[in-house]
Amino acid sequence: MELIKNLEWRYAVKKYSDESVSEDKIDRIVEAINLTASSCGLQPYRLFVITNPELRQRLGEGSFNAQIHASSHLLVFAGLNEITNEYITDYVEMMEQQRNLEKGGLKILEDTLIDYFSPQTPQQNTIWSDKQAYIGLGTALIAAAELKVDATPMEGFDPKLFDEVLGLSGKGLHASVIMSLGYRDADNDYLASVQKVRLPIGEFSTKIN
Ligand SMILES: Cc1cc2nc3c(=O)[nH]c(=O)nc-3n(C[C@H](O)[C@H](O)[C@H](O)COP(=O)(O)O)c2cc1C
């Protein structure tokens, strides 16, 4: 299975070279994230792809992760702060259009989703959006590895700063998790040559027959 080889090849890069990732590869990684699963299919997060050096310098302030600015691209997974009725209605309408259904043809689905989400607090919505964003993060890691693009998933950033600098609150979003993309500087990254550390499979997983 090629995927296993790709996952063995990848690691969370600490030091990137100056080489840029082509826009074509970035577009394919973004497409893979867009194609990944999300609960109810609602895709309750948005993705920002940032190259602007000054912006990234600012976003990295106070973080131990130099990769925020010292890499080719920075992905910001930004979860929705609230799952509003309007968001659900728009989503269901999009589904009707993309599946060539008549308007209102998915009213039962719309009502079910609204009944499920409307009693929830914004905090519950935020936690749920973050979980979905992390599924996107996992897919991005796999997609990058397949393209032999290096990546670093990161929680080591200041979410408030990201919200402020990127104006996320005004868009009803918040920074959930981030990822840098680029190419490893193998000579200067101590992690490039160390053994990957994982639990033995038998300890990690249990088969119940
Ligand atoms: C959600 C998440 C957050 C992470 N945050 C950081 C981070 O802020 N900085 C960093 O250098 N690595 C970060 N990592 C990378 C992990 O440390 C790394 O994936 C783990 O040690 C396993 O090593 P490997 O990915 O190189 O196989 C993060 C990984 C994940 C999945």
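Every number for a ligand or one of its atoms is a count from 1 in the order of the listing. We use all heavy atoms of the structure for the numbers below, so side chains are in, but hydrogens, waters and symmetry mates are not.
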Who's the nearest protein heavy-atom neighbour of [atom], and how far?
{"atom": "atom 10 (C) of ligand 1", "result": "Lys14 NZ, 3.4 Å"}
{"atom": "atom 4 (C) of ligand 1", "result": "Pro153 O, 3.3 Å"}
{"atom": "atom 18 (C) of ligand 1", "result": "Ala12 CB, 3.9 Å"}

Is the closest N or O pair between [X] and ligand 1 shorter than 3.5 Å?
{"X": "Phe64", "answer": "no"}
{"X": "Leu137", "answer": "no"}
{"X": "Asn65", "answer": "yes"}
{"X": "Thr152", "answer": "no"}
{"X": "Val177", "answer": "no"}

Closer than 3.5 angstrom, by distance alone: can the side chain of Gln43 be matched with the main-chain N or O of Asn34 as a donor-acceptor pair?
yes
* To do: May I ask you to decide if Ala32's main-chain N or O and Thr139's side chain share a donor-acceptor pair within less than 3.5 Å?
  => no
Note: Arg198, heavy atoms under 4.0 Å from ligand 1, region reported as side chain
Numbered atoms and elements of ligand 1 in range of [X], under 4.0 angstrom, heavy atoms:
{"X": "Gly156", "result": "8 (O)"}
{"X": "Tyr11", "result": "26 (O)"}
{"X": "Gln67", "result": "11 (O)"}

[Y] and [X] side chains, donor-acceptor separation under 3.5 Å:
{"X": "Lys148", "Y": "Asn6", "value": "yes"}
{"X": "Tyr45", "Y": "Ser38", "value": "no"}
{"X": "Asp163", "Y": "His174", "value": "no"}

Compare every heavy atom of [Y] with every heavy atom of [X], then report the nearest pair and how far apart it is.
{"X": "Leu141", "Y": "Ala151", "result": "CD2-CB, 4.1 Å"}
{"X": "Gln132", "Y": "Ser39", "result": "OE1-N, 2.9 Å"}
{"X": "Asp189", "Y": "Lys15", "result": "OD2-N, 3.1 Å"}
{"X": "Arg56", "Y": "Ser72", "result": "NH1-O, 3.0 Å"}
{"X": "Glu93", "Y": "Lys103", "result": "OE2-NZ, 3.0 Å"}

Protein heavy atoms near [atom], is at least one of them under 4.0 angstrom away?
{"atom": "atom 14 (N) of ligand 1", "answer": "yes"}
{"atom": "atom 25 (O) of ligand 1", "answer": "yes"}
{"atom": "atom 20 (C) of ligand 1", "answer": "no"}

Exercise for review: Using non-hydrogen atoms of the residue, decide whether Tyr134 is closer than 4.0 angstrom to ligand 1.
Suggested key: yes
Heavy-atom proximity to atom 2 (C) of ligand 1, picking from Glu155, Lys196, Arg10, points to Glu155
*asked:* I'd like to check Leu74 versus His69 (side-chain heavy atoms, cut-off strictly below 4.5 Å). Are they in contact?
replied: no
